2 protein chains.
Amino acid sequence: MADIDYIKENRLQDTGFAYTLRLIGGKYKMQALYAIHLNHQPLRYNALKRLLVPISFKTLTSTLRELEADGLVHREEYPQIPPKVEYSLTPLGESLIPVMEDICNWGESQMAAVKRDR
Amino acid sequence: MADIDYIKENRLQDTGFAYTLRLIGGKYKMQALYAIHLNHQPLRYNALKRLLVPISFKTLTSTLRELEADGLVHREEYPQIPPKVEYSLTPLGESLIPVMEDICNWGESQMAAVKRDR
DNA sequence: CATGACACTCTCCTTTGGGTTAGTACCGCA
DNA sequence: TGCGGTACTAACCCAAAGGAGAGTGTCATG
């Protein structure tokens, strides 16, 4: 009954669910994090854009700005010409990788199952 | 380098990420699944609606229809008056619970950390 | 001499998710 | 007799997310 009270009290929307999804819920949020992770070293803006085709400038920029504001990504700007900006994962960002991998794995196995059943 | 090729080949959008998020990405998708799970028995439409306040009829209906179409939820209709419809998790839906709990836990601990640091 | 790379910004446009309101058909209960 | 509960559907609306395309300033390369 404690479980149900928990729902009835209507806290469901205020749990970690909503919190986590606010951070990684965007169309390319997880892809961006994962791409940086897999690269094993900082990634430049245009490199990231090429990896996340067909993302647009606008979306990539806002995606990165939000990830930075949420402390998942670190932005390092080199004031030179031509400009150079590198993005890397913060420890917090890294801590999300296992969670994202679970999501990914579930989807992979499910896709495989669907394919098998046809 | 295999990792990077994986990205470069541009398969990132076609991985389990996108697949899983298509299934549970809606505003109330995970909440609905979790509510049914916690109830330990089938939930009726209006009961679910009360738990997911402030969800609207339209959104709850489309949410449930999509979950059903994706095989995560089972819909059982009792042709009586007044009508009665019960929703329960399929085994596939149940298999998502641990993944969702990981997402939830990460968010909870992160919220706690943010609170602590102020 | 001109093109392209760099890391963007700006403006406008479309799509999508979700919200609002109203209505349906029937019944039990006060 | 009329109100509330049951599980919806239909029509319309709104805001936010994302996409398209052009522009910026400087430099290296062909």
Side-chain angles (χ1 to χ4, degrees), chain A residues 8 10 12-13 17-18 20-33 35-36 39 41-70 73-88, chain B residues 8 10 12-13 17-33 35-36 39 41-70 72-88:
Chain A
K8 281 198 175 134
N10 204 10
L12 211 47
Q13 312 129 37
F17 273 160
T20 305
L21 279 207
R22 264 199 299 278
L23 303 197
I24 60 169
K27 184 167 175 184
Y28 297 97
K29 288 270 185 81
M30 303 213 306
Q31 275 95 331
L33 292 171
I36 298 173
N39 199 50
Q41 51 185 302
L43 256 178
R44 300 182 64 168
Y45 182 89
N46 275 348
L48 209 37
K49 183 168 191 310
R50 265 174 251 121
L51 295 177
L52 300 183
V53 172
I55 198 173
S56 65
F57 292 117
K58 188 199 155 195
T59 304
L60 178 56
T61 300
S62 66
T63 294
L64 289 170
R65 291 280 184 279
E66 287 169 27
L67 292 174
E68 194 195 354
D70 292 330
V73 148
H74 173 70
R75 188 187 120 106
E76 188 73 39
E77 192 174 344
Y78 300 87
Q80 61 189 39
I81 282 166
K84 174 177 167 184
V85 180
E86 284 185 342
Y87 295 90
S88 53
Chain B
K8 280 198 176 137
N10 204 11
L12 210 47
Q13 312 129 37
F17 273 160
Y19 187 87
T20 305
L21 278 208
R22 264 199 298 279
L23 303 197
I24 62 170
K27 182 167 174 186
Y28 298 96
K29 287 271 185 81
M30 303 213 306
Q31 274 96 331
L33 292 171
I36 298 173
N39 198 51
Q41 51 185 302
L43 258 178
R44 301 183 63 168
Y45 181 90
N46 276 348
L48 209 38
K49 183 167 193 309
R50 265 173 252 122
L51 295 177
L52 300 183
V53 171
I55 198 172
S56 66
F57 291 117
K58 187 200 157 191
T59 305
L60 178 55
T61 299
S62 66
T63 295
L64 289 170
R65 291 280 184 277
E66 288 169 26
L67 291 174
E68 195 195 351
D70 292 329
L72 301 175
V73 149
H74 173 70
R75 186 187 120 105
E76 187 72 38
E77 191 173 344
Y78 299 87
Q80 61 188 39
I81 283 165
K84 176 176 165 184
V85 181
E86 285 185 341
Y87 295 91
S88 53

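Every chain is numbered from 1, with letters handed out A, B, ... down the list of sequences. Just so we're clear, the structure is a prediction, and the values are computed from it rather than from any experiment.
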I need the [atom1]-[atom2] distance between [X] and [N], as an integer number of Å.
X: B/L67; N: C/dG17; atom1: CG; atom2: C1'; value: 15 Å
X: B/I55; N: D/dC8; atom1: CD1; atom2: P; value: 13 Å
X: A/L43; N: C/dC8; atom1: CG; atom2: P; value: 13 Å
X: B/L60; N: C/dT20; atom1: CG; atom2: P; value: 14 Å
X: A/L21; N: C/dG18; atom1: CG; atom2: P; value: 12 Å
X: A/Q80; N: D/dA28; atom1: CD; atom2: P; value: 11 Å
X: A/K84; N: C/dC6; atom1: NZ; atom2: P; value: 12 Å
X: B/K58; N: D/dC12; atom1: NZ; atom2: P; value: 13 Å

Side chain of [X] only, heavy atoms from C-beta on: which candidate in [options] is closest?
X: B/V85; options: D/dG19, C/dC6, D/dA7; answer: D/dA7
X: A/K27; options: D/dG19, C/dC6, D/dC8; answer: D/dG19
X: A/N46; options: C/dC8, C/dA7, C/dG19; answer: C/dA7
X: A/I81; options: D/dC27, C/dC8, C/dG19; answer: D/dC27
X: A/T61; options: D/dG5, C/dT9, D/dC8; answer: C/dT9

### Message
By the 4.0 Å heavy-atom rule, please label A/Y87 as base, sugar-phosphate, or nothing.
### Response
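It contacts sugar-phosphate atoms only.
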### Query
Just checking B/K49: base, sugar-phosphate only, or nothing, at a heavy-atom cut-off of under 4.0 Å?
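Result for B/K49 = nothing.
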### Sub-4.5 Å side-chain heavy-atom contact between A/Q31 and A/T63
no
### Task
Answer whether the closest heavy-atom distance between the side chains of A/V85 and A/R75 falls below 4.5 Å.
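A side-chain contact exists here, since the closest heavy-atom pair is under 4.5 Å.
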Give a yes/no on whether any side-chain N or O of [X] is located under 4.0 angstrom from OP1 or OP2 of [N].
X: B/R44; N: D/dT6; value: no
X: B/T59; N: C/dG18; value: no
X: B/R22; N: C/dG17; value: no
X: B/Y28; N: C/dG19; value: yes
X: B/R65; N: D/dT9; value: yes
X: B/R50; N: D/dT6; value: yes

### Message
If you assign each of A/G25 and B/Y45 to its closest nucleotide in DNA chain D, which residue comes earlier from the 5' end?
### Response
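Looking at DNA chain D, the more 5' nearest nucleotide goes with B/Y45.
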### Message
Using side chain to side chain contact (heavy atoms under 4.5 Å, CB included), reason through A/K29 and A/L67 one step at a time and then give a plain yes or no.
### Response
CA-CA 8 Å; A/K29 288 270 185 81; A/L67 292 174; 3.4 Å; yes
### Query
How many angstroms lie between atom CG of B/L51 and atom CG of B/L60, to the nearest 0.5 angstrom?
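Reported value, rounded in 0.5 Å steps: 10.0 Å.
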### Query
What is the minimum heavy-atom distance between A/S88 and A/I36, and which atoms define it?
CA-CG2, 3.8 Å
### Check against side chain to side chain contact (heavy atoms under 4.5 Å, CB included), B/N46 and B/R50
CA-CA 6 Å; B/N46 276 348; B/R50 265 173 252 122; 3.5 Å; yes
